[in-house]
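Read the structure below first, then the notes.
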2 protein chains.
Amino acid sequence: MATLIAPKQFSPVEDAENIKKACQGWGTDERAIISILGHRNAIQRKLIRMAYEEIYQEDLIKQLKSELSGDFERAICHWTLDPADRDAVLTNSALQKAEPDYRVIIETACIRSPEELLAVRRAYRYRYKHSLEEDVASHTTGYIRKLLVAVVSAYRYDEDEYDTEIAHSEADILYQKIQEKAFNHEEFIRILSTRSKAQLKATFNHYRDIHGTSITKGLLGDPADDYLAALRTTIRCIKDPQKYYAKVLRNAINTVGTDEEALSRVIITRAEKDLKDVKELYFKRNNIALDDAIARDTSGDFKAFLLAILGRDEL
Amino acid sequence: MATLIAPKQFSPVEDAENIKKACQGWGTDERAIISILGHRNAIQRKLIRMAYEEIYQEDLIKQLKSELSGDFERAICHWTLDPADRDAVLTNSALQKAEPDYRVIIETACIRSPEELLAVRRAYRYRYKHSLEEDVASHTTGYIRKLLVAVVSAYRYDEDEYDTEIAHSEADILYQKIQEKAFNHEEFIRILSTRSKAQLKATFNHYRDIHGTSITKGLLGDPADDYLAALRTTIRCIKDPQKYYAKVLRNAINTVGTDEEALSRVIITRAEKDLKDVKELYFKRNNIALDDAIARDTSGDFKAFLLAILGRDEL
């Protein structure tokens, strides 16, 4: 379930006018902007952008960029983008880093639905004039490249049915390769990137039933081995996205100085989807409510904005 | 340009009724069926299928299958399918063979536009309850599998612009790997499967400018090496689809006993696209008109149908 609280009734024109007012004059009224955009869902935000463009002949995101700064600017601009376009921007910035952040690529590839992933690929191509897989391939190398290119290119079958025989035979293949420590074996990538999520969950469950341990445990190894870590991330994203996100949030908050980028990425991409479930898992595991943890670790408009879309206003 | 001749005015209901009439009574009037379906474009055929279903509560293709037989049956059923669905059927039968026919996979992946390929993947998933790349991966092995999975999963950038620097640097990479006979090098697959067609054409042209020979020449080797052949097919399909198809037709016709499957696949998939250009290339290279060659090599209703969609009726 979502955490975002958005009114059923709203006026895109009024919202656009109020955002314009908040941007005019001396200083910007960030809290006014949060009180509007922090309570509008994706369709409503799109309508506001359209109304803004229509009235002021100006792109709302450009306007926000010129008025705001820092983590808050980045967060609210990402939030205001269409979800598929936002994922395109997030994957692109993940690739542009000196050390590409493979987690963002895998999240997008494995947590979005097959149709959503296609929409991201379409948005990416439109925005960057390259295909997503093309950029992934040119910014990465070795086995991790094979894995990432395969998962971003996938258009998985998307129904709940699965084949029990395949679950058994492929759990066997994975087990055998893990026993041999042949983590680079191409069967890993084939299975993880082409099978449907329902099929993979059945395979992972069968693996656990037979061997009494989860497949990700078998893939522990040198912590510096990015490929192994990426395999585990892929499996976690497919097996249990909410649990995966709760863990990303935990790491982002517990890291020295807070990883604002990861924090805001998860909150923004999930607030309209399943952030309530992620919050519950977070609380169970950490004995502190996610919004309390965030309130403690962040400040200013960035904090106010995250809490707003988390459903807890502190204005 | 297309070869198909279809009237602007037509009545789906009348057509459906006339096809039903041709199927009723003693024997089937194949020529009547050809005179209708052999002169209707994809949208018109779709409307006829819908009208048929509506009037007779029966699927037109099922009806045709039960009335007809042999090469003619297969050809007219493929023809009557939606183009994307037809490609899904063609790739699936190519995969079901004891020796999967990689050419059909590569044609579909590299000659269809990126959006058309997505439509094929969607149709495939709907029809076979697996993703296309999943089935390609489970029916093939080794390097050819890597190549095929990569090209069917691609969603290439699709504009005409390209990067001259990339064309130079990647032509160099390809040349170096060819010199080293490192045909299995992963850069081959990365470049061929992720770059846009415009980019690849620029790269191939630069290769030829610098080295005075085409890249496919450098990839000649053991004729039994399917992976090398598949690399060449990929390059040909991207570089010049019409020339590629003209060659497939030439082989299909010149083989002992005629390869009816390949012949009908090319005619059917291109009749509404560029078969006129393919015909011209065919004539230039073989000194015989394609329709004459086909008329000489085929017979009966199959011949009559192919000639009809080739724009030459012999009823």
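Chain naming here is simple, since letters A, B, ... match the order of the sequence lines and numbering starts at 1 in each. Side-chain atoms are counted along with the backbone in the values below, which use heavy atoms only and exclude waters and symmetry mates.
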Best-contacting candidate, A:Q199, A:H130, A:R145, against chain B by heavy atom pairs under 4.5 angstrom: A:R145
Heavy-atom neighbours of A:Y227 OH exceed 12 at 6.0 Å: yes
Most chain B-contacting option - heavy-atom pairs closer than 4.5 Å, from A:R121, A:K129, A:R156: A:K129
Steps toward side-chain hydrogen bond (donor to acceptor under 3.5 Å, both in side chains) verdict (A:N92, A:Y124): CA-CA 8 Å; A:N92 185 263; A:Y124 193 100; 2.9 Å; yes
Any donor-acceptor pair under 3.5 Å from A:D163 side chain to A:E165 backbone: yes
Contact class of B:D158 relative to chain A, heavy atoms under 4.5 angstrom: both
Chain A contact via B:E159 - side chain, backbone, both or neither, heavy atoms under 4.5 Å: neither
Under 3.5 Å donor-acceptor, A:E272 side chain and A:A42 backbone: yes
Aromatic A:Y143 / basic A:K146 pairing, under 6.0 angstrom, 45° off normal: yes
Under 4.5 Å from a heavy atom of chain A, the part of B:R190 involved: side chain
